[in-house]
Amino acid sequence: MASGVDSDVFEQLVATVERFARERLIPAERQVEEEDDIPEEIVAEMKEMGLFGLSTPEEYGGIGLSVPQEARLIETLCYASLTFRSLIGTNVGIGSQGIVMDGTPEQKEQWLPGVASGDVVASFALTEPDNGSDAGGIRTSAKRDGGDFVINGTKRYITNAVRAGVFTVFARTDADKPGADGVSAFIVPADTPGITVAKPDRKLGQKGTKTSDVIFENVRVPESAIIGGPKNLHKGFRTAMKVLDRGRIHVGAMAVGQSQRMLDIATDYALERKQFGKPIGEHQLVQGLIADCQAELHAARALVRASADTFDREGKAIIEASCTKYFCTEAAGRIADRALQIHGGAGYMAEYDIERLYRDIRLLRIYEGTSQIQQLVIARRTLAQRAA
Ligand code: COS
């Protein structure tokens, strides 16, 4: 393997996380759903296990997993509710990776140890009320004032904003350039005067995850807060895109973990539930549903692994990451639908876990780039490759 931790250490970590997901997290899922929050003891245990620092390089106190290792570990963790992953997800992925990929040595030194331990939650502030898919169109402004920049604007659906110690904020530093070219990425401590985090949003699923609006009013940061330093002025959009590429493989792995869980639940139900004098799993039409889940799950898992290997080898995997996110999350949607169908009327009832999982995984097709954005990235780049 090109990078990451030693394979024995890694296998032990996978076994520990597998046990933790099954013995500790799954039994707590209903409580999390009802209380719309993760119990503090579980947060502390996740910190203790080093889960916040999975992808932070070892020199900054993290575990330093490679992309293929991260994908496998996230798949394992996501056998349990996606809400638990969301707690560590911004530190492992989009909230911190901009600093890991493009930060200066001083920025890494300052922020990554806290990110790795979980003492600092890092949150990714890109999306705005009027700009979601059109990330290059963001309107939050960062205007130069002497040696500082002054940020104004509103960010929307920002995961972990209420828990954040630091935001990576994308703002327009060149008002004359409308698209991706005038955007810079800033590291903004959450206690900087002028930041207001709104009340968490109410959502369809993933109860216990926290997303909110974040309002920036005359938030002053030095130019040294630009990710990568002043030389990266106006280059923040590329940082966002690189972060999202890695994130899209991570989301594919999440979809695989949840798909395995849903298939297992549906299979257990098919073995147990009897109709027409035998377990429903002996009826061929139910077998068809199970087979389609299993085939798509195998394809999804193989795709995550192949794309993660490409990223590890080549340092980027733009088409592969989009194909992975697109296929795995759409497949998870179909698997959820079949798994619920196998349950019949029971599948619609809140007593059965499948009802909650069905709602939870719906978000996978939306965040970190909708399925339609993935199609657009895949098609545009496929056409460009042939035209070159
Ligand atoms: N890695 C590195 N650079 C990238 C890149 C990537 N994955 N994707 C784009 N870029 C670069 C391009 O190469 C281009 O630079 P050059 O002009 O030097 O060639 C620049 O960024 C602009 O790219 P592009 O022209 O493709 O930008 P567009 O505004 O047309 O569209 C999409 C980009 C739609 C693909 C982008 O806005 C996107 O991914 N949107 C979804 C955003 C998202 O995922 N939101 C979820 C928020 S987080 S939960």
Side-chain angles (χ1 to χ4, degrees), residues 67 82 85-86 89-98 100-102 122-140 153-161 164 167-174 177-185 201 203 206 209-214 227-228 232-252 254-255 307 310-311 314-326 329 362-385 387-388:
V67 177
L82 293 177
R85 198 284 333 179
S86 170
T90 54
N91 278 33
V92 172
I94 54 176
S96 73
Q97 280 298 312
V100 174
M101 289 176 176
D102 288 342
S123 186
F124 180 78
L126 174 67
T127 300
E128 300 181 351
D130 292 327
N131 291 90
S133 292
D134 183 9
I138 57 169
R139 296 219 299 248
T140 292
T154 299
K155 296 293 179 178
R156 179 145 291 173
Y157 310 141
I158 304 306
T159 302
N160 286 335
F167 292 100
T168 48
V169 180
F170 296 84
R172 187 163 301 286
T173 36
D174 187 341
K177 289 202 179 126
D181 276 342
V183 172
S184 300
D201 305 310
K203 300 184 285 295
Q206 297 199 25
T209 62
K210 303 291 173 191
T211 64
S212 331
D213 277 13
V214 184
I227 294 185
N232 277 358
L233 183 66
H234 309 322
K235 294 195 180 139
F237 184 78
R238 283 162 195 78
T239 299
M241 290 299 120
K242 285 193 287 185
V243 166
L244 286 170
D245 280 341
R246 183 171 171 149
R248 287 167 183 168
I249 297 175
H250 179 115
V251 176
M254 292 163 60
S307 301
T310 303
F311 196 105
E314 297 177 13
K316 64 174 187 170
I318 300 177
I319 291 192
E320 291 87 342
S322 282
C323 289
T324 302
K325 204 229 168 217
Y326 177 46
T329 63
R362 187 62 185 83
L363 184 57
L364 295 178
R365 284 185 266 163
I366 299 171
Y367 61 6
E368 299 199 28
T370 60
S371 289
Q372 290 65 38
I373 285 294
Q374 309 310 330
Q375 288 177 298
L376 197 138
V377 170
I378 297 163
R380 274 190 193 170
R381 286 185 182 260
T382 303
L383 289 162
Q385 277 177 351

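Order of appearance sets the numbers: ligands from 1, and atoms from 1 within every ligand.
For atom 48 (S) of ligand 1, the nearest non-hydrogen atom of the protein is Phe124 CE2, 3.7 Å. Summary of contacts: the protein heavy atom closest to atom 15 (O) of ligand 1 is Arg238 NH2, 3.0 Å. Scanning all protein heavy atoms for the shortest distance to atom 46 (C) of ligand 1 gives Gly369 N, 3.6 Å. Of all protein heavy atoms, the one closest to atom 33 (C) of ligand 1 is Phe237 CZ, 4.0 Å. Taking atom 47 (C) of ligand 1 as the reference point, the nearest protein heavy-atom neighbour is Thr127 OG1, 3.4 Å. Of the protein's heavy atoms, Asp245 OD2, 2.7 Å lies nearest to atom 7 (N) of ligand 1.
Not a single heavy atom of Gly179 sits under 4.0 Å from any atom of ligand 1. Arg381 counts as a contact of ligand 1, since one of its heavy atoms falls under 4.0 Å from the ligand. Distances from ligand 1 to the non-hydrogen atoms of Tyr157 include no value under 4.0 Å. Using a 4.0 Å cutoff on heavy atoms, Lys316 does not count as a contact of ligand 1.
The one candidate from Glu368, Lys325, Arg85 that meets the side-chain hydrogen bond (donor to acceptor under 3.5 Å, both in side chains) condition with His250 is Arg85.
Each of the following atoms of ligand 1 lies closer than 4.0 Å to a heavy atom of Leu244: 43 (C), 44 (O), 48 (S).
In the candidate list Gln374, Arg248, Lys242, Arg380, Arg248 is nearest to atom 44 (O) of ligand 1, counting heavy atoms. The closest heavy-atom contact to atom 38 (C) of ligand 1, among the options Gln372, Glu128, Met241, comes from Met241. Here the shortest heavy-atom distance to atom 45 (N) of ligand 1, taken over Gly132, Ala135, Ser133, belongs to Gly132.
Sorted by first then second residue, the salt bridge (charged side-chain N to carboxylate O under 4.0 Å, His left out) pairs that include residues 236-246, not counting sequence neighbours, are Glu70-Arg246, Asp102-Lys242, Asp181-Arg238.
Contact annotation for atom 19 (O) of ligand 1: protein absent (non-hydrogen atoms, distance under 4.0 Å).
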